[in-house]
Amino acid sequence: MKSHTLLMPLDMHLHLRDGVMLETVAPLTSYSFSGAVVMPNLVPPITTKEAVMDYKKRIYAALGRVEEADDLLMADDFFEPYMTLFYQNYDRSFLEEVVDEIAAIKLYPAGITTNSEGGVSTFDLETMRATLEAMGDLKIPLCVHGETDGFVMDREAEFMSIYEMLASNFPKLKIIMEHITTQAAVEMLDKYPNLYATVTLHHLLMTLDDVAGGMLQPHLFCKPIAKRPEDREALLHVVLNAHPKVMFGSDSAPHPQHAKESCGCAAGVFTAPIALQVLCELFDAYGKLDNLQQFISDNAQSIYGICPEFKEVVLVESPFEVPEHYGNVVPMYAGETLAWSISDVE
Ligand code: NCD
Ligand code: ZN
């Protein structure tokens, strides 16, 4: 039986939510990943040091780690939630205070996706300069949801001029183009030394046709929307060839079943429990399994300068039946059989 071992898998863009949803989804990632960059788009969004620390404690609690006298005791599965703040203009003194608690700051254009109403409404350099310069000095990466409010298929490509403006004006700032979906974004990668990207699983697998070409598939609807075949090809090219500036970020974004299978479907694809299995199948199909380690962990370690706890995940080419539900969330490929499964985690 074919098998493949991954070391310290990292998910550099993950939605863990809160409350019961957090309890449902957090263990599904912590089981097979060493760490994940946790998105701050809660209601209200995470904008204070206290909110970062409280959310981290709730994540540990959802993983069954107990809290005693303010010390977090580690449970048996090692998993690091890399916390983020929701971008606003922050003072340098605040950033100095919070820098050790966060891995990045996530910028959302206002109203562009789930819980992003408090995001940035105009990209005015002068208003943002002090924050972005301080972030560059303190080595806090800026993660960006790069979409304008234009026509839905053009939103990411239209955002490229904003990436160029940010990358050229703040050369010390690491800018991560989150969940890129277009050839335009791929082409931007090598133009600026301080631009990086995450790519999701679902954008490597599907185009708009899979979402809306036949019967509408609400569980595949997400922001940014999946694009054209040539865009998917461009993503596959950099990912399968382990471009050093490209990291895996699932953007696994769970919503309750009723919010997806409804009039006014929430955006987000829930992929956390199937990501590693499907990535193995995909890389294997292209004869590129040896490049998966860089995409799933090594590139992220160098870009973020992180050193995750040791974790070894063994995958085998043996069928995995994807559950119809995890709690009240429907995963991608629900009820289908995948070719690869996780056989061991150490
Ligand atoms: C995300 C969510 O639900 O929080 N949704 C999505 O479609 N990706 C937000 C986001 O990353 O855009
Ligand atoms: Zn996201």
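All figures in this text were calculated on a predicted structure; none of them were measured in a lab.
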Enquirer: Is it true that the side chains of D298 and Q293 contain a donor and an acceptor less than 3.5 Å apart?
Expert: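 Yes - a donor-acceptor pair under 3.5 Å links their side chains.
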Enquirer: Please round to the nearest 0.5 Å and tell me the distance separating atom CE of M206 and atom CG of L220.
Expert: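 If we round to the nearest 0.5 Å, M206:CE and L220:CG are 5.0 Å apart.
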Enquirer: Can you confirm whether the side chains of E156 and T181 place a donor and an acceptor under 3.5 Å from each other?
Expert: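 Yes, because at least one side-chain N or O of E156 sits under 3.5 Å from a partner of the opposite role on T181.
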Enquirer: Roughly how far, to the nearest 0.5 Å, is OG1 of T29 from CD1 of I59?
Expert: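 I59 atom CD1 to T29 atom OG1 measures 10.5 Å (nearest 0.5 Å).
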Enquirer: Take R129 and E126 through the test salt bridge (Lys or Arg N to Asp or Glu O under 4.0 Å) and record every step on the way to the result.
Expert: CA-CA 5 Å; R129 183 176 297 281; E126 292 327 305; 3.1 Å; yes
Enquirer: I'd like to know if the side chain of Y108 pairs up with that of K106 as donor and acceptor (distance under 3.5 Å, no hydrogens or angles considered).
Expert: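 Their side chains do contain a donor-acceptor pair, which is all the 3.5 Å distance test asks for.
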Enquirer: To the nearest 0.5 Å, how far apart are CG in L63 and CZ in R58?
Expert: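 So the gap between those two atoms works out to 13.0 Å.
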Enquirer: Do the ring centers of H13 and H179 come within less than 6.0 Å of each other?
Expert: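 Yes, close enough.
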Enquirer: Tell me whether E101 at atom CD has more than 12 heavy atoms from other residues, nucleotides or ligands lying less than 6.0 Å away.
Expert: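 Buried by this count: over 12 neighbours within 6.0 Å.
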Enquirer: Taking the side chain as every heavy atom from C-beta outward, state whether M153 and R228 have any atom pair closer than 4.5 Å.
Expert: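 With C-beta onward as the side chain, the pair touches.
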Enquirer: Centroid-to-centroid, F159 to F123, below 6.0 Å?
Expert: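 Between F159 and F123, the centre distance is under 6.0 Å.
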Enquirer: Are E321 and T337 close enough that a side-chain donor and a side-chain acceptor fall under 3.5 Å?
Expert: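 Side chains of E321 and T337: no pair found under 3.5 Å.
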Enquirer: Quick one: is the NZ or CZ of K288 closer than 6.0 Å to the six-membered ring centre of F283, and within 45° of its axis?
Expert: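 So K288 doesn't make the cation-pi contact.
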Enquirer: Looking at OH of Y82 and NZ of K56, how far apart are the two atoms once the value is rounded to the nearest 0.5 Å?
Expert: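 Y82 atom OH to K56 atom NZ measures 9.0 Å (nearest 0.5 Å).
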Enquirer: With the side chain counted from C-beta on, respond yes when L315 and S343 share a heavy-atom pair under 4.5 Å apart, and no when they do not.
Expert: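 They are not in side-chain contact.
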Enquirer: Could you go through F78 and F33, starting from their C-alpha distance and side-chain angles, then the distance that decides it, and tell me whether this counts as ring-ring contact (aromatic ring centres under 6.0 Å, His included)?
Expert: CA-CA 9 Å; F78 292 108; F33 285 84; over 10 Å; no
Enquirer: Between N194 (side chain) and A167 (backbone), is there a donor-acceptor pair under 3.5 Å?
Expert: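 Yes.
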Enquirer: Have D251 and T200 got a donor and an acceptor in their side chains that come within less than 3.5 Å?
Expert: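 The answer is no; no qualifying pair exists.
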Enquirer: Output the distance between atom OG (S302) and atom NZ (K245), rounded to the nearest 0.5 Å.
Expert: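 One finds 12.5 Å between OG of S302 and NZ of K245.
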Enquirer: With a 4.5 Å heavy-atom cut-off, do M332 and L205 have their side chains touching?
Expert: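 Counting from C-beta outward, M332 and L205 do come under 4.5 Å.
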Enquirer: Could you grab the distance from atom CD1 of I46 to atom CD1 of I105, nearest 0.5 Å is fine?
Expert: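 Taking CD1 in I46 and CD1 in I105, the distance rounds to 12.5 Å.
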Enquirer: Look at the side chain of R92 and the backbone N and O of A130, then say whether any donor-acceptor pair between them is shorter than 3.5 Å.
Expert: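 Between the backbone of A130 and the side chain of R92 there is no qualifying donor-acceptor contact (under 3.5 Å).
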Enquirer: Could you tell me whether the side chain of D284 and the main chain of C280 form a donor-acceptor pair under 3.5 Å?
Expert: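 Side chain of D284 to backbone of C280, a donor-acceptor pair under 3.5 Å: no, none is there.
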Enquirer: Just wondering, do V99 and L95 contact through their side chains at under 4.5 Å, heavy atoms?
Expert: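 When only atoms from C-beta onward are counted, V99 and L95 do not touch, as no gap falls below 4.5 Å.
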Enquirer: Does a side chain donor of either E261 or H219 reach within less than 3.5 Å of an acceptor in the other side chain?
Expert: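 There is such a pair (donor and acceptor under 3.5 Å, judged by atom type) between the side chains of E261 and H219.
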Enquirer: Do N89 and Y87 have a side chain donor and acceptor closer than 3.5 Å?
Expert: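 On atom types as modelled, these side chains qualify, holding a pair under 3.5 Å.
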Enquirer: Cut-off 3.5 Å, side chains only: do H243 and N299 have a donor facing an acceptor?
Expert: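 Short answer, no.
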Enquirer: Please report the closest heavy-atom contact between Q277 and F320, naming both atoms and the distance.
Expert: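 Minimum heavy-atom separation between Q277 and F320: NE2-CE2, 3.8 Å.
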Enquirer: Quiz question: by atom type and distance under 3.5 Å, do the side chains of Q301 and S297 form a donor-acceptor pair?
Expert: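 The criterion, which ignores hydrogens and geometry beyond distance, is satisfied for S297 and Q301.
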Enquirer: So, applying side chain to side chain contact (heavy atoms under 4.5 Å, CB included) with L166, which one of L195, L132, L173 is it?
Expert: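 That would be L132; it is the only one of L195, L132, L173 passing the side chain to side chain contact (heavy atoms under 4.5 Å, CB included) with L166.
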